[in-house]
Amino acid sequence: GKTTILRLILGLVNKTDGELKLRVDDFGELCVSPDTRMFCSYVPQENAVFSGTVAENLRIVNPNATDDELKEALKIADALEFIEKLPKGIDSVIGERGVNFSEGQVQRLSIARAVLCTAPLLIMDEATSALDKATEERVLENLMTGDKKRTCIITTHRPSMLRYCNKIYELQEDGKLKEKTIS
């Protein structure tokens with residue numbers, strides 16, 4: 001259910017009835033469609049990196065990004081430290097499917113790529129599931145205290161992530177969303 005809701009927001013699947021709209025500064029309310037996907041950056045459950053350098057992997061979403069912008073995105077994703085330890089830093093080659101990296105490192109690279117996209121809506125689907133608690137907290141703290149113009153939608157099974165949210169919705173067994181009170 002959670003992933004389906006995110007796919008609806010991304011315009012990857014069609015709704016069967018009702019309306020689904022995004023409110024975007026400078027554009028107003030827009031009906032969700034494949035055309036509104038440009039306003040979203042997405043970190044899926046199954047993270048993907050490609051054969052090539054770290055920089056090439058990040059620049060997929062922003063080809064004109066400077067090295068400093070790449071490093072800032074890596075810093076936000078708590079990945080800069082391990083990338084800088086690589087022999088060539090951001091110019092180090094990533095093996096096919098991230099063979100040289102742990103699952104948590106690949107997740108952080110995927111988060112950095114989404115941050116670099118600079119879309120006003122950041123959607124994260126279990127995007128920190130392979131991170132230990134301390135790393136997850138650093139990543140979320142960086143994301144939530146950084147760009148105040150960005151809205152983040154996070155799906156999670158981890159209650160620890162919820163303290164970073166200003167609204168929480170729970171997916172009920174009947175498929176409906178229920179807003180929960182933040183305590």
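These numbers come from a predicted model, not from an experiment.
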Student: Answer yes or no: are there more than 12 heavy-atom neighbours, outside Gln172 itself, under 6.0 Å from its atom CD?
Tutor: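 Yes, because the 6.0 Å sphere around CD of Gln172 holds more than 12 heavy atoms from other groups.
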
Student: Can you spot which of Asp78, Ile76, Val43 makes a side chain to side chain contact (heavy atoms under 4.5 Å, CB included) with Arg108?
Tutor: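 Output: one option passes, namely Asp78.
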
Student: Would Asn57 and Leu109 count as a side-chain contact (heavy atoms from CB on, under 4.5 Å) here? Give the steps.
Tutor: CA-CA 8 Å; Asn57 267 269; Leu109 289 174; over 6 Å; no

Student: Could you tell me whether the side chain of Asp91 reaches within less than 4.5 Å of the side chain of Val54, counting heavy atoms only?
Tutor: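 No. Closest side-chain heavy atoms not under 4.5 Å.
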
Student: Are any side-chain N or O atoms of Asn62 and backbone N or O atoms of Cys117, one a donor and one an acceptor, separated by less than 3.5 Å?
Tutor: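 Flag not set: sc Asn62 to bb Cys117 has no pair under 3.5 Å.
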
Student: In Å, rounded to the nearest 0.5 Å, how long is the span from CD1 of Ile123 to CD1 of Ile153?
Tutor: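 Interatomic distance, Ile123 CD1 to Ile153 CD1, rounded to 0.5 Å: 5.0 Å.
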
Student: State, to 0.1 Å, how close Cys40 and Leu10 come at their nearest heavy-atom pair, and which atoms those are.
Tutor: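 That closest heavy-atom pairing would be CB-CD2, 3.6 Å.
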
Student: Once rounded to the nearest 0.5 Å, what's the spacing between atom OG1 of Thr128 and atom CD of Glu136?
Tutor: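 Here the rounded value is 3.5 Å.
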
Student: If you compare all heavy atoms of Ala77 against all heavy atoms of Ile111, which two are closest, and at what distance to 0.1 Å?
Tutor: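 Smallest interatomic distance, heavy atoms only, reads CB-CG2, 3.9 Å.
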
Student: For the residue pair Arg59 and Asp67, what are the closest heavy atoms and their distance?
Tutor: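 Smallest heavy-atom distance, with atoms named: NH2-OD1, 2.6 Å.
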
Student: From Asn142 CG over to Glu72 CD, what is the distance, rounded to the nearest 0.5 angstrom?
Tutor: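 If we round to the nearest 0.5 Å, Asn142:CG and Glu72:CD are 8.5 Å apart.
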
Student: Residues two or more places apart in sequence or in another chain: which of them pass side chain to side chain contact (heavy atoms under 4.5 Å, CB included) with Val93?
Tutor: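 Partners of Val93 by the side chain to side chain contact (heavy atoms under 4.5 Å, CB included) criterion, ordered by chain and then number, come out as Thr53.
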
Student: In terms of hydrophobic clusters joined by side-chain contacts under 4.5 Å, are Ile60 and Met38 together?
Tutor: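 In one cluster with Ile60: Met38, no.
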
Student: Is Leu177 close to Ile5 at the side-chain level, that is, under 4.5 Å between some pair of heavy atoms?
Tutor: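 Yes; the side chains approach each other to less than 4.5 Å.
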
Student: If you round to the nearest 0.5 Å, how far is CE of Met124 from SG of Cys152?
Tutor: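 With rounding to 0.5 Å, SG (Cys152) is 7.0 Å from CE (Met124).
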
Student: What is the distance from atom SG of Cys165 to atom CG of Leu140, rounded to the nearest 0.5 Å?
Tutor: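 Result: 8.0 Å between the selected atoms.
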
Student: Could you check Phe82 against Leu74 for side-chain contact (heavy atoms from CB on, under 4.5 Å), going step by step and ending with a plain yes or no?
Tutor: CA-CA 10 Å; Phe82 78 81; Leu74 288 165; over 6 Å; no

Student: Are side-chain heavy atoms of Ile83 and Phe101 found at a separation under 4.5 Å?
Tutor: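 Yes; the side chains approach each other to less than 4.5 Å.
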
Student: Side chains of Arg150 and Pro120, heavy atoms from C-beta outward: is any pair under 4.5 Å?
Tutor: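 No, their side chains stay 4.5 Å or more apart.
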
Student: Considering non-hydrogen atoms only, spot the tightest contact between Pro87 and Ser92 and give its length.
Tutor: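 Pro87 and Ser92 have their closest heavy atoms at N-OG, 3.9 Å.
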
Student: Would you please name every residue forming a side chain to side chain contact (heavy atoms under 4.5 Å, CB included) with Glu179, sequence neighbours left out?
Tutor: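 Side chain to side chain contact (heavy atoms under 4.5 Å, CB included) list for Glu179, sorted by chain: Lys167, Tyr169.
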
Student: Using a 6.0 Å cut-off, check whether atom CZ of Arg7 has over 12 heavy atoms from anything other than its own residue.
Tutor: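 Incorrect, the count does not exceed 12.
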
Student: Specify the closest pair of heavy atoms between Ala130 and Glu103, including all atoms of both residues, with the distance to one decimal.
Tutor: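 Between these two residues, the closest heavy atoms are CB-CG, 3.7 Å.
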
Student: Quick check: is Leu80 connected to Leu131 through a chain of hydrophobic side chains (ILVMFWY, heavy atoms under 4.5 Å apart)?
Tutor: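 No, Leu131 does not connect to Leu80 through the hydrophobic network.
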
Student: We want to know whether Thr135 and Arg138 form a side-chain donor-acceptor pair, criterion being a heavy-atom distance below 3.5 angstrom.
Tutor: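 The answer is yes; a qualifying pair exists.
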
Student: What are the two closest non-hydrogen atoms of Glu29 and Arg23, and how far apart are they?
Tutor: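 Shortest heavy-atom contact: OE2-NH2, 2.8 Å.
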
Student: So do the side chains of Ile90 and Leu58 get within less than 4.5 Å of each other, counting heavy atoms only?
Tutor: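 Ile90 vs Leu58: side chains apart.
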
Student: Can you list everything that forms a side chain to side chain contact (heavy atoms under 4.5 Å, CB included) with Ala73? Sequence neighbours excluded, please.
Tutor: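 Side chain to side chain contact (heavy atoms under 4.5 Å, CB included) list for Ala73, sorted by chain: Ala112, Val115, Leu116.
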
Student: For Gln45 and Ser129, does a side-chain donor sit closer than 3.5 Å to a side-chain acceptor?
Tutor: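 No, no side-chain donor-acceptor contact under 3.5 Å.
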
Student: With rounding to the nearest 0.5 angstrom, report the CG to OG1 distance, Leu12 to Thr3.
Tutor: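 Atom-to-atom, Leu12:CG and Thr3:OG1 are 11.0 Å apart.
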
Student: Do Ile9 and Leu121 have side-chain heavy atoms sitting under 4.5 Å apart?
Tutor: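 With C-beta onward as the side chain, the pair touches.
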
Student: Determine, using the 4.5 Å side-chain heavy-atom cutoff (strictly less than), whether Leu6 and Val61 are members of one ILVMFWY cluster.
Tutor: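 Different hydrophobic clusters.
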
